[in-house]
Structure formats: structure tokens, C-alpha cells
4 protein chains.
Amino acid sequence: MIVVMQQEAARAEVAALVARVEGEGFAAHESRDEGRTVVGVVGQGAERLRETLSAMRGVERVVVVAPPWKLASREWRRGGTVVEVGGVAIGGGKPVTIAGPCAVESHAQLLAIAEAVKAGGAQLLRGGAFKPRTSPYAFRGLGAEGLKMLRDVGDRTGLPVVTEILAPADIDLFVRHADVLQVGARNMQNFPLLDEVGRVGKPVLLKRGLMATIDELLLAAEYVLARGNSKLILCERGIRTFETATRNTPDIAAIPVVKELSHLPILFDPSHSTGARRLVAPLARAAIAAGADGLLIEVHVKPEEALCDGNQALLPAEFAALKSDVDAIAGVLMRERIAR
Amino acid sequence: MIVVMQQEAARAEVAALVARVEGEGFAAHESRDEGRTVVGVVGQGAERLRETLSAMRGVERVVVVAPPWKLASREWRRGGTVVEVGGVAIGGGKPVTIAGPCAVESHAQLLAIAEAVKAGGAQLLRGGAFKPRTSPYAFRGLGAEGLKMLRDVGDRTGLPVVTEILAPADIDLFVRHADVLQVGARNMQNFPLLDEVGRVGKPVLLKRGLMATIDELLLAAEYVLARGNSKLILCERGIRTFETATRNTPDIAAIPVVKELSHLPILFDPSHSTGARRLVAPLARAAIAAGADGLLIEVHVKPEEALCDGNQALLPAEFAALKSDVDAIAGVLMRERIAR
Amino acid sequence: MIVVMQQEAARAEVAALVARVEGEGFAAHESRDEGRTVVGVVGQGAERLRETLSAMRGVERVVVVAPPWKLASREWRRGGTVVEVGGVAIGGGKPVTIAGPCAVESHAQLLAIAEAVKAGGAQLLRGGAFKPRTSPYAFRGLGAEGLKMLRDVGDRTGLPVVTEILAPADIDLFVRHADVLQVGARNMQNFPLLDEVGRVGKPVLLKRGLMATIDELLLAAEYVLARGNSKLILCERGIRTFETATRNTPDIAAIPVVKELSHLPILFDPSHSTGARRLVAPLARAAIAAGADGLLIEVHVKPEEALCDGNQALLPAEFAALKSDVDAIAGVLMRERIAR
Amino acid sequence: MIVVMQQEAARAEVAALVARVEGEGFAAHESRDEGRTVVGVVGQGAERLRETLSAMRGVERVVVVAPPWKLASREWRRGGTVVEVGGVAIGGGKPVTIAGPCAVESHAQLLAIAEAVKAGGAQLLRGGAFKPRTSPYAFRGLGAEGLKMLRDVGDRTGLPVVTEILAPADIDLFVRHADVLQVGARNMQNFPLLDEVGRVGKPVLLKRGLMATIDELLLAAEYVLARGNSKLILCERGIRTFETATRNTPDIAAIPVVKELSHLPILFDPSHSTGARRLVAPLARAAIAAGADGLLIEVHVKPEEALCDGNQALLPAEFAALKSDVDAIAGVLMRERIAR
């Protein structure tokens, strides 16, 4: 950790800083650079002094050398993590596809969509039972009833189910009925919820918040890993920017950045990030070409009757065509890799 | 609500839209404008068709005429809302000041700070017992123990206490010990938590998420109001932008915008929005000059020993000087208003 | 064009608006919706009243139905525009690759790189002679001397040259020496420069500003087209967001959005948008998979000796490998399209 | 300057870096911190190696200790710069007010507005003769004719005139007719234009780009100062963010940040940053309370007939009331300062 002092820092301020560092049991190396005093703080765990030193008089800024996440880092686990869900390997090199409706609306609707996406090549089923909605007057999902429908339809079709949990108190219900517990974008920094899903043995799908940096995503992952759950899958779903032509801006660059920094698999959600049906396919192809471990895609048999986000859902035939494109791109990349 | 069709929309697509609108019991007025068909959808509650119509073939976009929040709107309650907490009126024209440490660290620390801020003119005491922290390895607060210290110090000094709640399950504990329940920026869209604080009779302080639009803040407010709790106070605390010279970008313009759109009082938090002690005073003065109903300020007797955010805490003397500036500005504005 | 009045707009304010609209020779259709008066303004060219009406008392906002660019719109020219440069077709379905150094440093350096990128499959050569630099103390390019080197090396290798123009006064020099005139991101709204490149017959490569919306990019394109130059190529190069893991955030979604809204070809620059060599290949593959018409890539034979942006330049061997990946992805997409 | 190596950097990569640093005549101090090698690079002017070292194998990032601008820095000139224009001191402690129409529309209009703002207390007159417009179809100003009207009206009323220059080639015309040369937000990084205004002896008003960081603003200032012109005034005018309730987000925090980092005076433009008449007064008051050296405000006698931006122009009476508020706030702050 490196402390850069202000140009006009007094000798006494530097001395106080050094004394504090040494008092906490770390070594302080002082030097001069570009008219400023720079103090290197060395020793295992020195990062915990970061805020304290920042608050001291005469300090301009503190530069942390190593990233603040450890269990989520590539260094922690050189080979990538593979999360297995009902026989499907996520992170194993071949991209997976998770598809289904935005919300569970009825047993019949869910079954029809599940059969359609299975026929189109999906390996897991997604669907929301508890829906986070920006307006209190919007449809908020079927709740526990919807969860049971997901379980039943998952069992009938043989597709493991992925669904979003909103409140820590619901954890038992989700452990019983879901195969993968999704933590949504708005809850990426809901720390009591992260603690809870970190304590159970079920796979967790953690979506990046639309206001979160990649560093914050990996720190949220660290919460889950630090509680003991290493069956963790990340998901990029777009960030909020000034551009309004798309609902959010899909951060495709986050995919290779996360794969470089972390051993965790990372999926991409083209449906929520763009908010527009006609953009789902090009962005899904882009994510796979950039190295994503899979896709999370909304599909509906009758989008214009959907209770939520119908304008971003693919029709089953569009989904099947996209799946074929995506497999072809993944195949090409694999051949290119082997050829070298 | 106005539906703009794509330029190349087919006659049949327009007809299907009109049929759908009429089938739902609303009136549809068709017209041509700039080469496009435009359909006006009229009738009480037509907004609920927004997503459905957006998902129909041939639709370019749907323009909603009225804002989606009602109970939070200025139209709902022409005179502004005044929230009373322990004899202090928030929103009544005279700005209030809430001050205290980032986190409750010990009974002695809290008492010392509470006495200092009271002497400096603060009317309420703030302090975190349950802290949301980006890293799982950071100090996360004293929990229930901290809440009890807040209650005790609040009673001793006569300052009502404001503190942040993180999980819906903790609601009883907070109702017992706190005077104002704060919902933090990261939880602005934690809907189960909004539901919970909306069901109790205690005042709620709702902070704007750092990536939330003003519309989303007012929709989050609508959650609390719709559950029956109208003792609601909003708080601007900076938004996330590309600028890194400050921790966040204080959105001072949000203050007059919220006051125009809503009847709810709005405070400003210069400490979290800037993240730097030397910027707290200029931004606090700016917020008051822009019409804020009060301030939420971090103060610490020994910032360099604070367990969190010491670099943004004011010393008691700095706080007292700021309070004096702020009162003078508020006084000037009041005189100017009366003179006209 | 639709004018939404404020909820509390007075009858006289609505009447004044209608009178103004009719006085300008347009028709005004009044209706009520969600408690507000809405006035439809109909007639060819009514958009020019937009600002005037916005400024009138009682007006909440003005909604423009059609986009403000015409010559750049897809409707204007259904089949896409193909720009031919020295026998290479840009926008014709097969992605093109433009490669070369950030800056021209010497004749020898440029020739070595040009030969390397040609061997790796590049069809055009890029290189900066006049460099826009954030700091006045950075290397600002060889100027006219550099332009002449580009011309000479372009002629020797048979690669047409693309290079950036900074000042309107330099137009003759660039027309003489360059094959494609690049308008850089910082100059996307340098209107005197757009006017100038719009008046000459040379192809223009217009890069999106890093804080420009897609609408603004198309309006900047409209400047060039309106001056009479239709040999126009667009380029996405990343936008500025809160994320700092990459220099900018490549907006891959902009590629299919632009192709939907406009007939102009659009390239992608993975080098400037990411600012990191190891991210160039994944993002370049992503852009092609999303439908880009080509790539603009920095290559250097000795990146660590480059006078600018060496950390984002590919080595010739890396470039050749990427070119092979990109061609394979483009081939797959073409096969998939034909199969349907 | 500090170079942080990647955790897995090879011994040879560190050695190559050190050799390069020493070969360029600087000293390299190697140390280990948090599992990484860190190399301190010491010596006058070492920053120029920044890009070169970033591009070397094994390097994670380069941390520059001192800011890259020198002539613009507070260290360069401890007392603040005061720019005098026609007897008015900008930066001298008392805030100045520059007011006038968005665009010069006619001699009569300009004269009426100039007399009105003078009566309301304005010290300088603003008005655009050459207008940068997003659309090629919008009113682009009266050009040279407008400049002459400004000169004449300035002379008649005794108000010095501030007006925007768009192209380097127009410099002589502006030197002849204007008192302050404004470089607009879109041209903040138009380096040939910065060079040109840096070479003349006239005061320059440099507006922050809506996509520019404060660092980039100060680097743009450095261009002007480095060419020899020290009569430089900065202006904050809002940045682009995700929030759409205001046209841009006024970055009030930038005011105290710039005053801390630089000796240059900084104004605030509430008209362009908010784009809404009713927000101009609260934001103008906020800027003064935060320490701005003055304001740049649009005023029009008939906003609904303005050829540009009528919806953000104040009426003369509104301007006069705002001027009185602003003077009262400035007075209070001055009294408070003296009292301490």
C-alpha cells in the first residue's frame, strides 16, 4: 500500500503517519517523488489501515497495490471454476443457455415455454416467481405458488430451474424448490441476502448491478465465497450510462476482464441489458465471441400477452435460430484455439 | 398514453393495436404525424397497458403523459409534507441538521460525538449500527448492541436518532430503538424492505440510490406511501458518474427538481456524496442555497481513529462553523422571499 | 410533434399555444389524457417549432415523433451504403480491416508496420500525423511530414491510407495525401470541420464522441451528408461511463442500433475503446459477431517503443491470429444467413 | 511515478523495466508489496515514460504521483489569478455576472436585452454570433454580422462582451470585436483552437466539456497557459450523466475542487447545465454558496420568440431578483469569513 502525501504536507504530518503505521506493526518506507513524499506501507494485512491513513492530515491519497478480493481472484484458483447443475457444467468451456419467461404467469404458460426452449436447445429454465418491480403498482409475481410451478415444470421437462430470491427470509423456500438461486442486479449489494445464499450449498447466480463496477461485482462475489459457498456463477447484464437507445449499455468488455481477474464463470443476459427483442441476437452472439460461459435469455410464446417485459422476449423460433448461431461461433473459436 | 408506430408499420399492425386497446375498455384516437401513425390511448388507468402495447408488432415506442407516481406527487398534496420527529419539524421551511459518526463504535465515542454535535447545533443524531460494506472484510457495525447505544445516547442528549436498517427481518428491533428508519442508497430498490418500513408508523429517511434516476426515487417513495406510511423524508447523496475527483457527483439540481415534482421533504448528504472532508462545507452550503430541507453530516471527534469513512468526517469545530454559515444562508433566502 | 401541457396549465396558456401553432401555418389537435392537455402539432416541418413551443408558459415537454436526421436514416436509402476506397468495399457485407500504428513516428517504422499488417490481411493502413493529445506536453505527431510518409508508404504497399484531420484549414493537405479523412471522437461535434469534410469528394470516417449519444452521432453524420458528401463511414469507439477497468466502455449494442436506424456502414475500434492490448481480440470478435462492417486496429512492431498508446497495440502475429478468428466468425454468420 | 508489476511478472520482465528506466537516466527503486513487485521511478520529468512503461510486458499499471498540469496548478501561483476585463475583476473575491441572450438575433433584440441585464446588475454581456448546433438544420447564428452588433451594443452600454469562437481561422475577427473569447464545451479539446486563443492577449473563457473530467479541463487550460496567455477563466456547465430530469447534471462539487487544484477563477453556467428556466435560480445560488467566482446566465426579453434555447432564458425581472439573492449570499459568506 502506498501513501502519497500532499505537496505541502508538513514534516510533522509525515512523521505522524509513519508512527501510526509502525505502531500498527507494519513497516514504512519513505521516499520523495515529483515534489511529494511517498510512504510505502509493507506487511501482511496492511490494507486494513487504508481508511485510517486516508483520514490523516497531509495525506493526498492511498494507492492499494493488490485487489481487495482474494477468494474470487484468478490467483486463488488458476483453473477456472466449473459449477455443475443437474448434469450441466457451467464454466467448462462449452457455453450453456438458460431460457424462459420473465415471470411465471401460470402453469400452462410455463410448461409451454419450457418445452419450447428445451426443443430449441436450452439446458436450464429461468422464470421469476418473486419479481422486483420499479413501480409498486406493477405485477410482482406469483410468489411461493410460482416457485412450485417452476419445480414441477423443471421436473417434467428435466430442466434445472434458475429463479430470483429477493429476501433473506425466503431462503428455505428457495433451497427446497430452485436449482440455482439468482441474486438480481438490484440486490448485488444486499449484504444480508449475500450472507444467506453464501451459507447454503446451492449454486448461486449473481448478476452485476447496473451501477456496479467490476471491482464491486467481485467484492460481492467475495461475500458469497467467504461464507463458504463456491458454487458461484456471475452474470453481466448491462450498466447504466447516458445512452438511452438501449435500456442499459451491455458491457461486453466486462466478460474478458472478469475472466482475467477471476476464476468464476460469467454469463451474459442480452434480454435485460438491451430491453429490445431485435437486439438480443446480435448481443448474444457478441458475448459468446468475447468468451462468455453462457447466456440467460427471455423467451415467451406470446410476448404481447406477457405480464412483464414482453418487448424483450424472443419467440421460440427466434431462440432456436440464435442457439444455432451461438453454437457455430463457439465451435469456430474452439477450432481456432486447437489449431494454434 | 401515446403509441408511436414505426414508419413502416403495416395497416394490420395498427388495426391490431387499436383492437387491443378497445378490447381492454379504452378509447383509441388514430392520427398521422411526420410520416408515422400515432395512436392516443385514453381512459383512467390506461398506463397498465404500457408494456403490453410496447411488445406488439409495429410499435416504435410508447409515451406516457403523466408520471407513474401518484401519492408522491406534488399534485397529491399541494402544501409540502412536514415530518415531525421528537419535536423537530422536517420540511417546515427551516433547514434541519442531522449529524453524528458514520458508525457507532462504542458508547463513549457516541456520547462524546452526540454532545459535540448538539453543542454545534444539530437537531438529530445519526450513526450506523448495521453497516453495508462493499468488502466482506470491512467493519460491519456493532449490530443490535449499537442500536441500544444509540437509543441510550439519544435519550441522554435529547436528540432523536436516525439509523440505517438493512434487512426486513430486523424491523421490530428498529421500531423499538430508532426514531427515524434510514433506507440506504444501496437499498433504495430493496422492495421487501420498502414494504416493511411502509407498514410501520415510524418516520423513514429514504436515500437516493447512486445510480437511480429521480423518477426511480419517487417510485421507491411511492412503495412506502402506498403501504400507508406518509412520514417520509427523501435524501440526495450523489450519483455515480465518470468523474472521479469526488467519490460521487452531488446532484444539487435534484433538490429543486424533487421539490417541484413532490410534496416530500428532501435532505442532502454532503459527506457520502463527496467522500472528502474539505468538500463537505461548500456542498452543504450549496444544497441549502438550492432549497434543501436539511443536511445529514458525518462528524467525528477523532477522524483518524474512525472505523469507517474517517476521511469525510468533520471535526466538531468545523461542524459548528458550517452550521453557522448554513443558518445565515437560510436566513438570507427567507428575508428575500418575504421582501417580494 | 406532440406538446404535453403541465397539469395545472391555464386555459389561456393552451389557447396561446394553439394560436401560435396555427399562426405558423400548422394544424393543432387538442385532447385530454391522464389529467393533462395534449396538443398534436401536424404539418411538414413542424419540428422547427420545437424550441419555441418548449419555451411557452404551461408547456411540460415536447415529444418529437420522427428522428431529426433524414439523409442518414435507413428510410432514406433502404439498401445500405457501400463506400469504395481503392478497390475495397466498406459496407458490402464482408468486414474490412484497417490497421497500423497510433502515430506515424518515422518512415522506417511506418513501412515495417504497413508491410506487417498487409501480410496479416489488413486492407487499409491507419496512422496519425496530427495527433490530438490531452496534454500539451505529449508528442503531437509529425504533421505534414507524417502525411507525406503515409502517402508514400500507402503507395508502396498498395494500402489506401486513413488518417485524422484536426483543423478545417488543413483540408487541402489532407485531400492531397489521404484516401480516407478521419474525424476523431473529440471532433465529432466540431461543426466547422464537419462542414469542410462534407464539401470534398473524399471518403470520411466519422468516429463517435465518447460522450455522444447515437442520435448525436447520426446528426453529426447528417452535417457531412447535408454538405453533399455521401462517402461516409461511421465508427464506434467506446463511450465514457463510471467503469474504469477499461479506458472506455465499448458500446457493442450501438452497432446493431446504428445498422437499424441508418444506411451507413459502421466500424469498430477495439484499441481505443479498451486501451489494453489483451482486450483487443475478444472485443474485435464481439463487434463482428454483432454485425460490424469492419475493424480499426492499432498494430506496432515494437509497442514498448511506441510514442503513443503502445499498451494497446497488437504485435503483428497477434493481429494475424485475430484476423483469422474474425474471418471465421464472419464466414459462419454468412453461412447461417444463407441456410435460412 | 510508481510502476506496479503483475503478480505473475517474471524476474526478467522486472529487470527489463529497471534497465529501461535507468537507460533513460532515471533512478529505479524496487520493493515488494502485497505479493507484487513495485518499482518507484524517480527523477525530474519521469512522467514522460508513462506510456512506454505501461506498454512493457509484466506491467499491471503505472501510478503518477503528481498531477500532469503545472501552469494551471495552485502550487504554480499561490494567490488566485484575477482576470480584468474592461475594469471588471474576475476572480477577485466578489462574484461577477455575465448575462445576455443565447444567440444574437438582431441589433434591436440585443440592445433591449443588454439594457435590461445592465439594469439588473450584470457586469458583462454574453451572446452567440457563431452557434454550434447539434442539427445542421438549426439556426447557426448571424456570424460576422452578429459579432459587429455585439461590439456596437457593448460599446453603447459599456458592457464588455463575451462570445464563442468555433474555428481557429476566425481568430482575427474575434480579437477585433470581442472582449472575452469563449471556447465552448464541445471545443474544450479542440487543440488547434486552444493553441490559437493561447497565442493572443485577450481573456479566454474556457467551458468544461460535458464529457470532460476536471483533470482534462485543467489540461485544456494548460494548453492555453503554455502558449503564453494567462488571462484564463474556467466555467463549469454541467456534465452528461444517466439522469435525464435535467439536460445535464450541474457538477457543483467541481467548483471547490477546481479552486483547490488551480489558481484560475471558475464561473458557473446554470442555464446550459439545467436547460430549464425554473432551475436557473436555485442552481445559481448554489454555485455562489459553493464558492464560484461568478455566473453566466441567459436572459431574453421574449423567451418564446428566441431562436435558440428560449426555454432556459430568464426574463429580465427574474434575472434582477436572482442577482439580488446571489449578492446577499456572497455578502453573508464574506461576513462569516471575516468574523473568524
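Fair warning: this is a prediction, and the values are worked out from it, not measured in the lab. Each chain gets a letter, A, B and so on, in the order the sequences are listed, and its residues count up from 1.
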Under 4.5 Å from any heavy atom of chain B - which part of Glu260(D): side chain
What I want to find out is whether Asp293(B) reaches Lys94(B) closely enough, with some N-O distance under 4.0 Å, to be called a salt bridge. no
Have a look at Met188(D) and tell me which of Leu217(D), Leu210(D), Val183(D) forms a side-chain contact (heavy atoms from CB on, under 4.5 Å) with it. Leu217(D)
Sort Ala281(D) into side chain, backbone, both or neither according to what part of it lies under 4.5 angstrom from a heavy atom of chain B. neither
Please state whether the side chain, the backbone, both or neither of Arg278(D) comes within less than 4.5 Å of a heavy atom of chain B. side chain
Does any backbone or side-chain atom of Leu333(B) lie under 4.5 Å from a heavy atom of chain D? Answer side chain, backbone, both or neither. side chain
Structural part of Leu279(B) lying under 4.5 Å from a heavy atom of chain D: side chain
One thing to verify: whether Glu243(D) and Arg208(B) come together as a salt bridge, which I'm taking to mean a side-chain N less than 4.0 angstrom from a carboxylate O. yes
So which part of Leu261(D) gets closer than 4.5 Å to some heavy atom of chain B, the side chain, the backbone, both or neither? neither
Arg133(D) side chain to Phe139(D) backbone, donor-acceptor under 3.5 Å: yes
Salt bridge check, Asp251(B) against Arg237(B): does any charged N sit closer than 4.0 Å to a carboxylate O? no
Distance alone, cut at 3.5 Å: any donor-acceptor contact between the side chains of Arg50(D) and Ser54(D)? no
Interface moiety of Ala212(B) toward chain D, non-hydrogen atoms closer than 4.5 Å: backbone
Do His263(D) and Glu75(D) get their side chains close enough for a donor-acceptor pair, meaning under 3.5 Å? no
Please state whether the side chain, the backbone, both or neither of Thr241(D) comes within less than 4.5 Å of a heavy atom of chain B. side chain
Tell me, side chain or backbone of Val257(D) under 4.5 Å from chain B's heavy atoms, or both, or neither? both
Apply salt bridge (charged side-chain N to carboxylate O under 4.0 Å, His left out) to Glu47(D) and Lys70(D), showing your working. CA-CA 13 Å; Glu47(D) 310 90 85; Lys70(D) 299 200 185 335; 3.5 Å; yes
I'd like to know which of Thr246(D), Ile329(D), Ile255(D), Ile239(D) tops the heavy-atom pair count under 4.5 Å against chain B. Ile239(D)
Contact class of Leu283(D) relative to chain B, heavy atoms under 4.5 angstrom: side chain
